[in-house]
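In what follows, every heavy atom counts, from backbone to side chain, and hydrogens, waters and symmetry copies are set aside. Every number for a ligand or one of its atoms is a count from 1 in the order of the listing.
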Amino acid sequence: MGKRCKVSPLRVFCVVLAAASVATIVTLWTIAFTGGEGGDVTAPWDRYRLPPGLVPLFYNITLWPRLRPKENSSLYIFTGWSTVQFECLEETNLILIHSNKLNYTKMEDGHPVRLTAEGDESAPNIKSAWLQPQTQYLVIQLKGRLTPGQKYRLYAEFTGELADDLAGFYRSEYEEDGVRKVVATSQMHPTHARKTFPCFDEPAMKAVFHITLIHPPGTVALSNGMEEDHAAITIDGEALLQTKFEATEKMSTYLLAIVVSDYTYLNTTQGNIQIRIWARRKAINQGNYALNVTGPILDFFQSYYNISYPLKKSDQIALPDFYFGAMENWGLVTYRETNLLYDPETSSNSNKETTVTIIAHELAHMWFGNLVTLRWWNEVWLNEGFASYVSYLGADHAEPDWDVKDLIVLDDVHKVFAVDALASSHPLTSEENSILLPGQIMEQFDTISYSKGAAVLRMLSDFLSEPVFKQGLSSYLRYFSYGNTVGTQLWKYLQMAVKDNKVSLPHPVDIIMNPWVLQMGFPVVTIDTSTGRVSQEHFLLDPETNVTVQSPYKYKWVIPVRWMKDGYVREDIWWLDEKEALNVDMMTGPSWILANINVTGYYRVNYDLGNWERLFSQLSTNHQVIPLINRAQLVDDAFNLARAQLVPTTLALRTTSYLSQETEYMPWQSALNNLRYFELMLDRTEVYQPMQDYIRKQVTPLFLYFREMTSNWTKVPEKHTDQYNHVNALRTACRTGLSECQDLTRMWFGQWMDHPEHNLIHPNLRSAVYCSAVADGTEAEWNFAWSQFRAATVASEASKLMSALACSTDTQLLDRYLSYTLNTTLIRKQDATSVITAVANNRVGHSLAWDFVREHWVYMFTEYGVGSFSFASLISGVTARFSTPEELQQLLDFVEQHKEAGFGSAALAVDQALERTEANIKWVQQNKQEVLHWFSSQTGG
Ligand SMILES: *[C@@H]1O[C@H](CO)[C@@H](O)[C@H](O)[C@H]1NC(C)=O
Ligand SMILES: *[C@@H]1O[C@H](CO)[C@@H](O)[C@H](O)[C@H]1NC(C)=O
Ligand SMILES: *[C@@H]1O[C@H](CO)[C@@H](O)[C@H](O)[C@H]1NC(C)=O
Ligand SMILES: *[C@@H]1O[C@H](CO)[C@@H](O)[C@H](O)[C@H]1NC(C)=O
Ligand SMILES: *[C@@H]1O[C@H](CO)[C@@H](O)[C@H](O)[C@H]1NC(C)=O
Ligand SMILES: [Zn+2]
């Protein structure tokens with residue numbers, strides 16, 4: 001599943017669910033085992049995991065979605081009938097099959113299903129059958145027993161709601177030429193197939209799927225397999241089409257996809273693979289970029305995995321309503337429109353990068369995840385972390401001039417460092433038994449799984465070397481094709497490749513990886529050049545918090561430390577072992593030492609003050625001697641070490657001093673990200689002005705550099721990352737009040753308002769320009785932006801305007817905007833939480849957003865709460881600025897008030913918000929004066 005969604009705010013919801021859920025599970029098992037003698041055993045249908053005795057072989061499913069509501073009603077439905085053939089492995093008189101929110105039609109004998117045996121056998125009669133909503137089963141008790149080795153078929157006819165709930169078989173709507181259109185589409189992952197047809201809905205229950213769809217004339221039906229037969233049919237006098245699809249490969253239920261729409265497509269072929277990009281008719285021309293890159297990316301992965309693409313076709317479709325970034329259904333990948341479509345006229349280069357990376361992420365799953373699937377959801381990290389890591393490689397293949405591989409450091413490593421440094425973090429893996437409920441499964445899809453997973457796999461590939469990593473990977477995928485496995489098998493196959501290639505490692509792969517995977521957090525490596533001592537400890541952002549989760553490795557890691565000494569590149573790896581600290585000869589003298597070259601390792605580095613000073617002096621004399629990625633890293637490490645009180649805050653601020661000479665994107669972005677915390681904490685205090693003045697002073701040379709490079713803002717920089725920094729220069733200069741910048745954005749936006757049909761603002765700059773113009777503007781600018789948002793036909797353009805509308809400094813406009821989120825005809829359900837967090841992000845809007853959330857909590861909880869990603873980001877978004885005891889009290893009151901109903905998928909985000917607020921209060925108390933003084937001293941104020 002794809003998470004990268006630059007539009008939506010960071011999803012930080014983190015999981016020491018472990019702690020919370022262990023209690024529930026223990027109770028559950030206790031009941032199951034102790035009840036034995038008293039005769040009060042927990043019934044099998046009260047347990048969330050399927051018993052292993054029955055395994056599906058194939059399904060034969062026909063579904064008929066109604067794209068119009070039932071007469072005299074607003075209810076949209078689908079009907080269906082399905083057969084599942086399964087084999088009995090263990091004798092039993094009970095069939096448990098998943099089913100959620102489906103109504104069944106009674107068979108001749110009054111039961112909801114018909115059971116038959118294959119061959120000459122006869123199947124036992126049904127004693128009783130009922131639905132078990134809590135565990136989402138259809139339970140069938142038999143009068144006799146099923147025989148091991150015998151195959152059976154279970155047939156059912158059912159009706160479900162085609163709701164707009166973005167789960168299972170659901171309804172998405174959009175308007176085209178004034179006509180309201182309905183798409184019937186699906187999101188089975190992770191546990192919604194059972195809401196579409198009765199099935200054994202666990203990833204290890206792989207089967208072959210024969211799908212048939214019945215749909216209105218004029219629409220097209222898609223599924224995982226290629227359409228192989230179209231027929232015109234009539235049901236109850238209604239003329240319809242029936243499309244049958246080729247049987248799928250053996251696969252998991254969560255990878256199934258079905259779509260009925262009046263979409264159109266672009267197509268091409270790559271080798272034998274038919275590639276199609278699907279979109280609504282008005283948007284199909286935006287599919288060209290996806291069409292261009294899909295073939296090369298598939299080619300790249302065929303060669304990376306050394307295994308051909310397992311299917312004949314690759315469909316990718318853009319949907320108006322979709323909660324996630326994208327979903328890797330095998331052969332029919334579904335996307336949010338913003339993630340698949342790219343319009344050269346209006347989309348930025350950042351949109352383009354999002355598109356190519358998400359496509360690469362999803363296509364990477366076609367092998368890793370789909371062809372070979374992890375047995376259970378406790379190892380989501382391996383699937384998602386892997387796809388996230390190799391998405392950069394696939395994107396790099398499609399866009400070799402972009403240096404996109406470097407960006408993993410900003411977009412994943414830095415992002416997850418922030419979360420994994422908290423006491424509330426959690427290890428990559430969980431116990432299989434601790435992940436049972438659908439909500440617990442959803443919670444696995446967090447930043448830790450995606451980004452830390454990506455970071456540690458990148459580290460692994462780096463120290464094994466890419467050819468060895470690929471060799472091990474390829475044999476793993478070959479061995480387990482069409483099956484399921486567990487993560488330790490990957491280590492085993494990588495170890496075989498290590499042996500094969502005689503790679504020298506201090507320990508076997510699994511021993512090296514276990515501390516990274518089985519315990520939460522990551523190390524800070526401290527290099528003391530005065531003593532030559534190198535040591536490691538668990539890095540915690542707040543050193544005073546108590547880590548309650550016990551670590552099996554006592555927070556020691558086997559660390560591949562890549563280092564470089566004194567400018568001329570003498571790179572090397574030390575293995576900092578779990579047992580001891582290293583003593584390394586480090587010549588004395590004026591030379592500096594730098595570790596974690598290119599941040600291939602998942603750890604931070606601290607130095608003695610002498611080495612920091614020497615690094616500063618190198619940065620200010622000739623910063624280019626230090627590798628680009630490490631310049632970004634020195635900034636990020638220093639700011640975070642300061643948060644953890646390992647270095648003074650002023651040392652961190654000093655890493656930004658050289659930025660007046662820096663023109664590269666990565667260090668600037670890293671500094672802006674880190675200064676953002678200072679802004680969040682202090683921009684409502686007297687530090688605001690000196691901080692603005694300092695940042696403006698630093699960014700002015702960059703602003704002038706880009707003015708020059710773009711011939712007075714008439715051209716676009718050539719290099720991809722220069723294009724990014726161009727935006728940074730403009731956004732930061734405008735935000736900190738550089739009048740030349742504000743004049744520019746006012747003029748550009750004014751020209752657009754005068755000629756609404758001609759937007760001449762370059763797509764790359766639009767977010768920054770819109771925001772600046774709305775912030776400086778009046779109600780007229782806001783209303784114009786709103787009308788353009790309503791009229792936008794390109795999703796990425798709409799999302800830029802949507803963010804910009806939250807930049808206003810007029811509280812009445814912000815209040816109006818917040819109220820729009822309660823009306824789904826104004827703000828789509830999928831976007832509501834982004835709007836609220838964007839308002840909260842604004843220093844003027846922060847308290848409005850918090851008041852709004854408190855006031856409308858019950859509505860939001862019922863509308864978006866259960867199982868939604870964005871709900872957690874809502875909590876972390878509105879509380880991001882909390883830094884006073886009053887705000888902490890408000891949060892505590894809020895938690896107390898809603899304790900009863902709970903917080904659903906945001907429960908962990910709530911705990912994190914509490915932890916973060918306490919840390920923020922301490923930080924402001926400890927640092928405010930020093931920071932005020934430092935900023936003032938830099939600008940002579
Ligand atoms: C699936 O069902 C259809 C009728 O609904 C039938 O024609 C077809 O033969 C069935 N396929 C299998 C594999 O059972
Ligand atoms: C299923 O049955 C329930 C109870 O009769 C009814 O309220 C619901 O609308 C039905 N759902 C569909 C999709 O028909
Ligand atoms: C695109 O699809 C059409 C219709 O199926 C087909 O005739 C054509 O050959 C396809 N083009 C490519 C390049 O595959
Ligand atoms: C797709 O590729 C074609 C042919 O190389 C090129 O002309 C076109 O500009 C590309 N489209 C996009 C959106 O990149
Ligand atoms: C951590 O635990 C110690 C000992 O149990 C306690 O004294 C201290 O207050 C705790 N610290 C925090 C921040 O909770
Ligand atoms: Zn994924």
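Interface atoms of ligand 3 facing Thr268, defined by a heavy-atom separation under 4.0 Å, are 13 (C), 14 (O). Near Thr159, the atoms of ligand 2 lying under 4.0 angstrom from a non-hydrogen atom of the residue are 13 (C), 14 (O). Against a heavy-atom cut-off of under 4.0 Å, Gly160 is close to the following atoms of ligand 2: 13 (C). Applying the 4.0 Å criterion to heavy atoms of Tyr265 picks out, from ligand 3, the atoms 2 (O), 4 (C), 5 (O).
Trp381 has its ring centre no less than 6.0 Å from the ring centre of His426. Between Trp367 and Tyr305, the distance separating the two ring centers is shorter than 6.0 angstrom. Taking the six-membered ring for Trp and the full ring otherwise, Phe197 and Tyr59 have centroids separated by under 6.0 Å.
Atom 14 (O) of ligand 3 has as its closest protein heavy atom Thr269 CG2, 3.2 Å. Ranking the protein heavy atoms by distance from atom 2 (O) of ligand 3 puts Asn267 ND2, 2.1 Å first.
Between Asn103 and ligand 2, a contact under 3.5 Å exists for at least one N or O pair.
Electrostatic pairing of Arg114 and Glu108 counts as a salt bridge here, judged by a charged N lying under 4.0 Å from a carboxylate O. Between Glu246 and Lys313, none of the side-chain N atoms (NZ, or NE/NH1/NH2) sits under 4.0 Å from a carboxylate O, so this pair counts as no salt bridge.
Counting just the N/O/S atoms of Glu384, the one with the shortest distance to the Zn ion (ligand 6) is named OE1. Residue His361 approaches the Zn ion (ligand 6) most closely through its N/O/S atom NE2.
Protein heavy atoms all stay at least 4.0 Å away from atom 9 (O) of ligand 3.
Around the CZ atom of Arg180, the shell of radius 6.0 Å holds more than 12 heavy atoms that belong to other residues, nucleotides or ligands.
In this structure, Lys452 is not positioned above the aromatic face of Tyr602 in the sense of NZ or CZ being under 6.0 Å from the six-membered ring centre and within 45° of the axis.
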